[in-house]
Chemist: 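Just passing along the structure, written as structure tokens.
Keep in mind that this is a model prediction, so the values were computed, not measured. One-based numbering, in listed order, for ligands and for the atoms of each.
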Amino acid sequence: MKFLLISFILLLTQIPCLADSVIGIIPQPLSMNKGEGYFTINKATTITCDKDLGKAAEYLVDYLPLKLKKGKNNNSVRLVLDQTLGEEEYVLCVNGKGIQISGGSYGAVFNGIQSFLQILPSQIYTKDSEFPLEVPYIEVKDAPQYSYRGFLLDVARTFQPVEEVKRVIDYMAYCKLNKLHFHLVDSPGWRIELKKYPHMAKIGGFRGGDSPLHPIYGSFDQKYGGYYTQEELREIVAYASQRNIEVIPEIDMPGHSKSIGTVHPDIRCNYSPDTSHTNGLDVRDVWCVAKESNYQLIEDIVKELVEIFPSEYIHIGGDEVSFKWWKECPDCQQLKVEKGLQNEAQLEQYFINRVTEILAKYNRKSMVWDEAVDGGLLPTTTMVTGWRGVKHCLRTTEQGYPTIIMPSSVFYLDKRQSPHERGHNSKNGLSLQTICDFTFEDAGFTEAQRKNIAGIESAFWSEIYLSNISSEVHFSDYLEYMIFPRLFAVSEIAWSKSRRSYDEMVSLLKNSFYSKLSALNATFRLSSPIVNVENGMIIASVDDGSKLYYKDIRTNEVKEYLVPLDVALAPYITFQSRLMSGRSGEVGLPEYYNYLTPACNITSSLPFRENRSLERCETYKGDATSTRAAKAGDWVHFTFDEPLKASYIKITTGYKHLYRRLIYNGHIEVSYDGQNFTNEGNLLNGQFILHPDKHIYAIRIVADGISDAEEYVIIQPLEIK
Ligand code: ACM
Ligand code: ZN
């Protein structure tokens with residue numbers, strides 16, 4: 001009896017969490033008509049499928065454990081190829097005669113299955129839901145707006161094991177996205193096993209420790225990395241293919257190439273760079289354009305790549321190339337003159353054209369970032385991924401380039417979601433609403449330009465991922481927090497001819513999709529709580545039924561918010577809401593984001609740039625940037641005009657939002673009497689927090705080894721409370 005009672009209480013607390021109070025499909029379908037009545041799926045219900053849909057049926061069985069059977073009957077879920085429907089068009093029909101998903105192709109039926117799963121109770125995503133299941137009578141007719149619906153996953157900066165990549169592929173499939181732009185290679189890592197050049201992954205896939213590649217973005221004190229064997233890559237391609245997703249590999253060239261340049265220095269230009277400011281390290285990150293041997297090497301790489309990835313396109317990069325390295329290369333400069341090229345942008349295009357010719361030999365086409373067409377020499381058959389901003393997408397579509405629209409201001413899901421959250425830089429944050437509100441009309445695309453829109457892609461770059469992977473949460477907690485629910489809004493831009501408004505999206509999230517994400521055990525981001533002051537008390541509230549918590553920065557203690565709090569706490573506390581597997585960002589009142597600015601003087605053994613001097617830091621206006629990397633013994637010294645009484649002081653080297661350009665090997669010394677210094681401990685990821693109980697006269701950052709071994713370090717103003 002006691003057991004029953006406990007079970008009942010558990011049911012009461014769990015079932016409402018996963019209850020869907022409305023039926024809705026994301027991305028919004030072309031049409032959805034609900035009928036009167038329900039079809040009941042029971043244990044005797046079977047799944048039948050046409051000959052070429054076996055893999056789709058297997059996928060469905062994983063969620064809906066029914067018997068696969070030949071022969072149609074009314075108690076069945078039928079997967080049907082219907083050549084009268086368009087290539088990606090599907091019809092989902094639930095009525096007294098059972099459930100039928102018909103589509104013009106494998107992919108169309110697969111996407112029909114996704115809509116079917118979404119009209120089932122959320123428990124379906126736990127893969128152990130029980131029968132009977134009631135399915136409302138419904139007819140959905142649907143087809144996508146764009147045939148290219150992409151998602152970029154950056155596994156070069158943060159290595160993500162095969163299982164994690166598969167998880168992302170699943171998330172893409174739920175959203176009817178069909179192109180995984182797999183960013184496999186970049187300066188911080190080479191992740192593809194090559195049989196002919198095994199050292200590229202075996203050495204270039206790791207950084208820090210005894211690797212010749214320096215650490216970056218976290219894990220500074222250990223060797224970090226990984227790579228995919230060719231067998232694993234084939235497994236990823238097959239897994240994606242079953243889910244109607246094509247994997248488009250990217251080898252970012254000719255820039256972003258520090259990893260290959262370090263382990264295979266032959267690709268670099270043939271001269272010795274000045275390394276006096278980089279602790280002797282050659283930090284060149286570009287392929288030499290003038291070396292014929294480079295094109296042979298690229299062909300060798302392409303030969304192996306095309307055996308693994310059947311995609312029509314291979315992305316060959318072309319973004320953010322540091323032309324300065326070519327300007328110093330006598331061979332590149334000579335080639336420029338010989339070929340009559342006007343500038344380094346055209347030199348880059350010469351390189352891109354050569355690589356495109358290699359791809360063509362293997363019957364593949366090149367895709368490039370939008371910088372690559374800046375020089376004006378690439379043919380307008382080149383597929384462009386437009387990332388730098390809407391204005392660049394407007395330009396490339398005007399010039400006639402088929403363009404995948406992905407301006408970072410709307411589609412980079414690694415950007416923070418509100419001004420003070422973790423995430424990549426974005427002044428006001430890239431919110432769900434920004435994505436919901438985006439329209440091509442408002443962005444200024446004409447009809448003619450819209451004809452050149454080849455598709456839509458969002459991206460998850462992983463500079464900040466590594467530092468957010470912790471044993472306290474599952475591996476992909478941070479990725480999920482960043483993509484959900486924003487990926488839903490992106491999927492509507494990519495798929496839906498008529499899209500939901502922001503309010504409609506939020507309502508469907510609350511009434512159905514938060515439950516689905518929770519059933520998937522996926523983390524998601526809730527809207528931020530509203531925090532105000534009334535009658536000297538802090539009042540926090542939410543409108544989604546979530547619980548509220550607050551954290552005190554002085555102690556890191558988290559408590560549930562149950563009653564209004566004294567306004568005196570405002571400088572120290574942030575609020576967060578939590579619901580199922582979701583949580584909001586942490587938000588405080590304006591006082592929380594204000595710091596004390598006691599007069600101080602900063603000196604250093606490091607030289608600083610004129611326009612990024614220590615004075616900026618001294619006056620709390622902004623960061624200071626040195627003109628060389630730090631080495632053991634370098635110091636930065638803060639002396640306060642008056643002895644400082646504070647409860648919290650945060651010392652930050654490097655960017656505030658990102659572990660880069662920092663002193664990772666160093667410690668903090670504090671003077672409590674104006675003469676002697678006490679070692680307070682080592683910097684962690686370039687940062688240190690003091691909770692002083694005495695007056696402070698001075699603080700010193702001391703480097704104990706090389707910094708993150710690049711060209712400079714950044715010092716942030718102290719954050720004092
Ligand atoms: C990019 O974000 N550099 C393509
Ligand atoms: Zn060169």
Chemist: I'd like to check which ligand 1 atoms, numbered from 1 as shown, lie under 4.0 Å from a non-hydrogen atom of Tyr412.
Modeler: 1 (C), 2 (O), 4 (C)

Chemist: If you measure every N/O of Glu320 against every N/O of ligand 1, is any gap under 3.5 Å?
Modeler: yes

Chemist: When you measure from the side chain of Arg191 to the backbone of Val155, do you find a donor-acceptor pair of N or O atoms at a distance under 3.5 Å?
Modeler: yes

Chemist: Is it the case that the side chains of Thr403 and Thr396 hold a donor-acceptor pair, with the cut-off being a distance below 3.5 Å and no angle test?
Modeler: yes

Chemist: Given atoms SG of Cys288 and SG of Cys329, what angle do they subtend at the Zn ion (ligand 2), to the nearest 10 degrees?
Modeler: 120°

Chemist: Between Thr356 and Asn353, does any side-chain donor sit less than 3.5 Å from a side-chain acceptor?
Modeler: no

Chemist: Can you tell me the protein heavy atom closest to atom 3 (N) of ligand 1 and the distance?
Modeler: Asp319 OD2, 2.7 Å

Chemist: Taking only heavy atoms of Trp369, which atoms of ligand 1 are found under 4.0 Å from at least one of them?
Modeler: 4 (C)

Chemist: Compute the centroid of each ring, for Phe351 and then for Tyr295, and state whether the two points are separated by less than 6.0 Å.
Modeler: yes

Chemist: Can you give me the closest heavy-atom contact between Ile308 and Val237, atom names plus distance?
Modeler: O-CG2, 3.8 Å

